[in-house]
Structure formats: C-alpha cells, structure tokens
Engineer: 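Below: one structure in structure tokens.
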Amino acid sequence: MLAISRALRQRLVSAMEEGLDLAEPPDPQLTAASKPEFGDFQANGAMGLARQLQQAPRQIAQTIVDHLDLADLCEPPRIAGPGFINLTLKPEVIARAIAERVGDPRLGVAEAPVRQRVVVDFSSPNIAKEMHVGHLRSTIIGDCLARLLAFRGHDVLRLNHVGDWGTQFGMLITQLKQVAPQALDAADAVDLGDLVAFYRQAKQRFDEDETFRTQSREEVVKLQRGDPFSRRAWALLCSQSRQEFQRIYDRLGVGIEERGESFYNARLTGVVEALDSAGLLVTDDGARCVFPDGSSDKRKQGSALPPVIVQKRDGGFNYAATDLAAIRYRLAGADGGEGDAAERVIYVTDAGQASHFEAVFQVARRAGWITPGQSLEHVPFGLVQGADGRKLKTRAGDTVRLRDLLDQAVQRARADLERRLADEGRQEDEAFIAHVAETVGMAAVKYADLSQNRITDYQFSFDRMLALQGNTAPYLLYAYVRIQGIARRGGALTATAPDPIRLGAAEAFSLARQLLHFDEVLVELERELLPNRLCTYLFELSQTFNRFYDRVPVLKAEEPDRSSRLALCRLSADTLKLGLELLGIGTLDRM
C-alpha cells in the first residue's frame, strides 16, 4: 500500500495547496481507515486547519475534495463526521496491485531509499557461563531486527559482544590451576557445565579468601600483559564456551559474528587519551571518569546519570570503558581508517541497562565521536517471567538454562504432535515427527517472545505458546500448511496470475487489502524496531486467510475465479513465509 498511499498523499497535498490559502506546506494526515466501512484511507488534515483558516472543518474538507483528482484510484471521496475525508480504492486498483506482487520475490517491498551500514549488537553471553533464558530475548530480537534491516537493503554487521575478558578469568584460571589443571592444558578436557561449576566455586573463594583474591588479580595482570600460559588458558576457556554457544545459535538459526570485550582491550588507553584531549575526564576519588551531563560533581548537581568511570583507581578498566571503545571503533572508519564505519548502531539488551547506555551515548556525543548521519540506539526489553509473575527460575531457584528451555519446547511439541496423530489415526515416520517437533518447538518459543511488546515483561507458558488457536506460531504455521494442502490437491499455486485478477467475494477483497499492507508494516518495523508489529500483522493475515478459505471455494470455482483465488492463496503463503523468515521462523508444508 505504500506506493498507493504516497500517491494519495501527494494528490491531497496538491488539492490543499490549490484550494486553500496556507502559510506552510500542508499535511493531509493520511492514515489507514480505522474501520472497513470507512473505506481504505482517511485524511484528517482539515481538522487542524480550522483555527488557521477561520472555517469549519467540514467546509475545509469540502474545498479539498472539490480540488481533488482521484478518479483513477478511488471511488468518489466521502466527507464524514466533523471533517474526515474517507477514501475507498477502486476494485481494479486493488486487483492490479495484487497482480504485481504475485510471483515477486520481494512481494512489492522496496529496498530502503537510503542504505546504511548498520551494526546490531545482540545476544552477548559471558564466557565460562551457560546461556540462560535471559539471553533468549536479546538473541531472537536482535536476529529479527538484523534480518529485517538486511532485507531492506542495509549492510548489516551482526555482532556478539561476548564477555571474554576481565576479573572473572583471573578467578577461574586461578581456581583451575589448583583443582583441575588439565582444563588449562588441553581442549575439551571439561565441558561448559563443569566450567560453570568451577566458576561458582572461584567466585565464592574470591569473595571469602583474601589470598585467593590476590592471586586472581595477579592472574588478570598476567593475562593483560600477554603471559603465554595465561593466554593459552584463556583461549581454551573461550573455545569451550564458544562450542556450546554455537550449538544453541545453530539450533535457533541465528548467524552472528563474535567480537568480544577482548577485541577492544588494546584500544582502551586510546579512549582515555581521546577523552582527556577533549577535556572531559575528571578525577573523582582516584578514578578517571566523565560526567555525562557535563557537571563536575554529580553529588552537588543532582544529575540523573552517575559518572561514567573510564579508568579505575588502580589503573584498570571496566565494561563502560570497553563499551566506549566499541562505540568509537564502530563509528570510525568512514575515511578508510580503522573501524566499522557504521551509520546506525543498535544495542539489544535488557531494560535494566538503559541508564548505562544513555550515559555512554552521552559521553560519545560530547567527545564528538558521533557525526551527522550517525546514530546510537538502545533497544531495551523486559524480563521473561514465570506463571507467578516473577523472573523465570527453575524449581531450585536457579536461572533457567536456555538449552533446557529449548529441549522442553521441542519435547512438548512432539508430545502434542504424537497425540494429534493418534487422534487422527495418521501414521508418520520418525524423520517427519522429529522435523515437525523441532520446527514447531523453536517457532513457538521465538514467536511467543517476539509477539509481545519487547519493552514489557511477559509470562512464559508452554501451553499458551504451543496452542493451535490464538496468536501463536502453530496457528500461523497451520495457515501456511492449509495453503500447501491446496497445492497438494491440485491447485497450481505457481501458475501465472490472471490479468486482471477477479476478487469478487467480500472475503477476497478483505484478504487482498490485508496482503497489500505488508510493505507498510516492514517500513514501520524498520523505524520503530518493534517485532510484535509484524507478528500482529501475520496473525491478522492468517485470520483473514482462514475466513477466506472457509467461505470462498477455490479448487471448485470456475475460471477465471479459480485462478484468481489461487493467486491470492499463493500470495498469502509467500507473505506468511517471508514474514516468518524475518522473525527467524521456518515453515512446514505438513504438520
């Protein structure tokens, strides 16, 4: 609908400029109609001009309509209420737009008019720790946004800013030297679960034992100075974690490039020097920091943001310094120098880090690292909660491992499938059952998350997410399966669409209109970075298709109605498939 809405908007602007005495360029306030009975579009611009023109809104609306030429696109405009202009597209305009999309790999969705180099920072687990349910949201939201931006034609760099540096390695290496030295000498000597247990032991000793604490800090210094043994031990620990992370990424179908905190270690001193040269560094209690709001003393000024500590009192660096180094590197390089030359950098992390990113973004801005045409954006998300409304935990009170959560989703999807096959008396082989269970299980977990407004918390429920009814992945997958069933029964979904396409039935018109809104949804998603908007659209499309499928005969219809309805089915399937792919969800021909 974007091309049509743009044409309508331009003609409305022309009519307003021609018929009204305006001091500024007019805004017709063109939106999709709030209800089907109002047509396809609604222009509300007359309302805001009443005071300026000293006229009643309906009179202004009538003047606009008198100068409006839409005969090739719309039925005669109708003025409603205090001054709304309702516009209904002509059937042939809708049919022509549908025909143009059938068979188009992009389904009428144009690439962005201005393409950008975009960095999407997401997932970001910590080495020597298992990925847990908290990493789920960052991973699948980030993957969805990266997919959408790439589809829109942007050059997307997917980055995994893993925690692979710092004090935790000093603790872990010291612990392993004493209790499991083989883990520091050979690959695959211990698995990630064992490393997690060793890390917990090390953390407890670090908190309680001064000698161990000193040894751990000395180990960090060795690591930072490049001690061969420490570096080899560190590399082995990272390798063990990466193997487990990759298994989960492969299962989720997520592609991502690792660039951990260690990548920026050699660049931290440069960050300090750059901030010092810019006159931003302040020494506070021995630490070198920057006050984001420009004040020199947060305690006196009452700033909402605390100082960003760049270098600690002992000369070490923390994650804020690493984040600043990452920002500087990602935004640099446009002149051919070192850096990613990113124009848009998107950070997908939990909402609890909002103030941290606000602070470091402000520091980067004050340092002059962000040039015109570049932006930094934090994409926050809420918690995954249990049925009790609290943070999702195991019965023992531990954080839920992501691997276990995915296993359980597939097991439940398999049980549901086997129960349904038994009820229907169907026999399927093991390969089919395993494939469907894996696809539905992964889809259910992803869709349950993405269909929620990412800013809010949501309650995790296997029963709800695996239901065949409601706004769930199985419901959408089943709508796609129904269309493939038409093909199996002899409907040629790949045949050339008839010219012209005949819509006829009200359900066919409703389906056509819904299909034409796909490009608008994707452009909105690119701007607002809210995947739930795409989920809502796909759910409503599935509902609209199911009504069409139940009420309008397809295979039994006579030509040219049969071919026209098959074309609608094909476009529905293609739209569902592409939309789900952008969510990172695969489809099934049977289930």
Side-chain angles (χ1 to χ4, degrees), residues 130-141 143-144 193 244 247-254 381-452 457-482 531-532 535 538-539 542 576 580-581 583-591:
E130 291 184 289
M131 292 180 71
H132 54 74
V133 68
H135 294 113
L136 175 67
R137 303 210 74 184
S138 178
T139 302
I140 63 176
I141 292 171
D143 178 58
C144 172
E244 182 63 27
R247 292 188 188 98
I248 291 177
Y249 291 137
D250 289 344
R251 194 170 190 186
L252 289 171
V254 172
F381 55 82
L383 297 174
V384 181
Q385 299 176 330
D388 59 359
R390 298 181 179 181
K391 191 173 181 178
L392 189 63
K393 298 276 190 179
T394 65
R395 290 184 178 179
D398 298 324
T399 301
V400 177
R401 297 191 307 175
L402 185 50
R403 180 177 60 184
D404 294 340
L405 182 115
L406 299 180
D407 285 344
Q408 189 174 0
V410 173
Q411 291 165 6
R412 286 176 176 252
R414 183 185 181 103
D416 287 350
L417 173 61
E418 290 175 338
R419 184 165 50 250
R420 184 159 48 82
L421 292 176
D423 291 343
E424 297 173 2
R426 286 170 54 193
Q427 296 290 327
E428 298 287 355
D429 60 28
E430 170 58 26
F432 172 84
I433 293 173
H435 175 63
V436 171
E438 183 74 19
T439 302
V440 172
M442 293 300 102
V445 169
K446 287 186 176 186
Y447 190 85
D449 191 306
L450 294 170
S451 62
Q452 307 295 318
D457 302 337
Y458 82 96
Q459 292 186 357
F460 192 93
S461 167
F462 279 118
D463 291 339
R464 189 162 56 244
M465 69 176 59
L466 289 167
L468 275 171
Q469 297 297 324
N471 189 11
T472 66
Y475 180 79
L476 270 63
L477 292 174
Y478 187 64
Y480 183 84
V481 165
R482 294 184 90 177
N532 63 298
C535 294
L538 295 175
F539 174 55
S542 298
L576 282 170
L580 288 169
E581 284 177 356
L583 296 175
I585 294 174
T587 51
L588 294 163
D589 291 341
R590 296 190 302 124
M591 62 183 289

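These values consider heavy atoms only, across backbone and side chains, with no hydrogens, waters or symmetry-generated copies.
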Engineer: Of all heavy-atom pairs between T139 and Y249, which one has the smallest distance, and what is that distance?
Structural biologist: CG2-CE2, 4.0 Å

Engineer: I need the minimum non-hydrogen distance between N471 and S451, along with the two atoms involved.
Structural biologist: ND2-CB, 4.3 Å

Engineer: With a 4.5 Å cut-off on side-chain heavy atoms, are L450 and I141 touching?
Structural biologist: yes

Engineer: How far apart are the closest heavy atoms of L576 and S542, and which atoms are they?
Structural biologist: CD2-OG, 3.5 Å

Engineer: Minimum heavy-atom separation for D143 to G584, with atom names?
Structural biologist: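 That would be OD2-CA, 4.1 Å.
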
Engineer: Any side-chain heavy atom of M442 sitting closer than 4.5 Å to one from L406?
Structural biologist: yes

Engineer: Go through it in stages, so that I can follow the logic: the residues are Y447 and Y475, the test is side-chain contact (heavy atoms from CB on, under 4.5 Å), and I'd like the CA-CA distance, side-chain angles, deciding distance and then a yes or no.
Structural biologist: CA-CA 11 Å; Y447 190 85; Y475 180 79; over 6 Å; no

Engineer: Counting distance only, does the side-chain N/O of K446 pair as donor-acceptor with the main-chain N or O of A473 below 3.5 Å?
Structural biologist: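 No, the answer is negative, given that no donor and acceptor are paired below the 3.5 Å cut-off.
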
Engineer: Measuring only between side-chain heavy atoms, which start at C-beta, is D457 closer than 4.5 Å to F381?
Structural biologist: no

Engineer: Any side-chain heavy atom of L477 within less than 4.5 Å of one from V440?
Structural biologist: yes

Engineer: Check for a donor-acceptor pair, side chain of R403 on one end and backbone N or O of I248 on the other, with a separation under 3.5 Å.
Structural biologist: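 No, R403 side chain to I248 backbone: no donor-acceptor pair under 3.5 Å.
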
Engineer: In terms of ring plane angle, is the pair H132 and H135 parallel, tilted or perpendicular, where the classes change at 30° and 60°?
Structural biologist: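 H132 vs H135 ring planes: tilted.
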
Engineer: Can you name the nearest heavy-atom pair linking A409 to V445, along with the distance?
Structural biologist: CB-CG2, 3.4 Å

Engineer: Between R419 and D416, is there a salt bridge with N-O shorter than 4.0 Å?
Structural biologist: yes

Engineer: Nearest 0.5 Å, please: how far is CE in M131 from CG in L405?
Structural biologist: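 If we round to the nearest 0.5 Å, L405:CG and M131:CE are 11.5 Å apart.
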
Engineer: Does any part of the side chain of L580, heavy atoms only, come nearer than 4.5 Å to the side chain of L476, both counted from C-beta?
Structural biologist: yes

Engineer: With Y458, which residues qualify under ring-ring contact (aromatic ring centres under 6.0 Å, His included), at least two apart?
Structural biologist: none

Engineer: Identify each donor-acceptor pair in which a side-chain atom of residues 425-433 lies under 3.5 Å from a protein atom, sequence neighbours left out, and give them as a table.
Structural biologist:
unit_1: R426; atom_1: NH1; unit_2: E424; atom_2: OE1; d: 3.2
unit_1: R426; atom_1: NH1; unit_2: M591; atom_2: O; d: 3.3
unit_1: R426; atom_1: NH2; unit_2: E428; atom_2: OE2; d: 3.1
unit_1: E428; atom_1: OE1; unit_2: R590; atom_2: NH2; d: 3.4
unit_1: E428; atom_1: OE2; unit_2: R590; atom_2: NH1; d: 2.8
unit_1: D429; atom_1: OD1; unit_2: A431; atom_2: N; d: 3.4
unit_1: D429; atom_1: OD1; unit_2: F432; atom_2: N; d: 2.8
unit_1: E430; atom_1: OE1; unit_2: R414; atom_2: NH2; d: 2.6
unit_1: E430; atom_1: OE2; unit_2: R414; atom_2: NH1; d: 3.1
unit_1: E430; atom_1: OE2; unit_2: R414; atom_2: NH2; d: 3.3

Engineer: Heavy atoms only: give me the nearest C144-L583 pair and the separation to one decimal.
Structural biologist: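 Heavy-atom minimum between the residues: SG-CD2, 3.9 Å.
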
Engineer: Could you please spell out the steps behind the side-chain contact (heavy atoms from CB on, under 4.5 Å) verdict for R137 and L383?
Structural biologist: CA-CA 9 Å; R137 303 210 74 184; L383 297 174; over 6 Å; no

Engineer: So do D449 and F460 actually touch side chain to side chain, heavy atoms under 4.5 Å?
Structural biologist: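 The answer is no, as the side chains (C-beta and beyond) never meet within the 4.5 Å cut-off.
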
Engineer: Got a sec, which residues hit salt bridge (charged side-chain N to carboxylate O under 4.0 Å, His left out) with R251, two or more places apart in sequence or on another chain?
Structural biologist: D407, E438

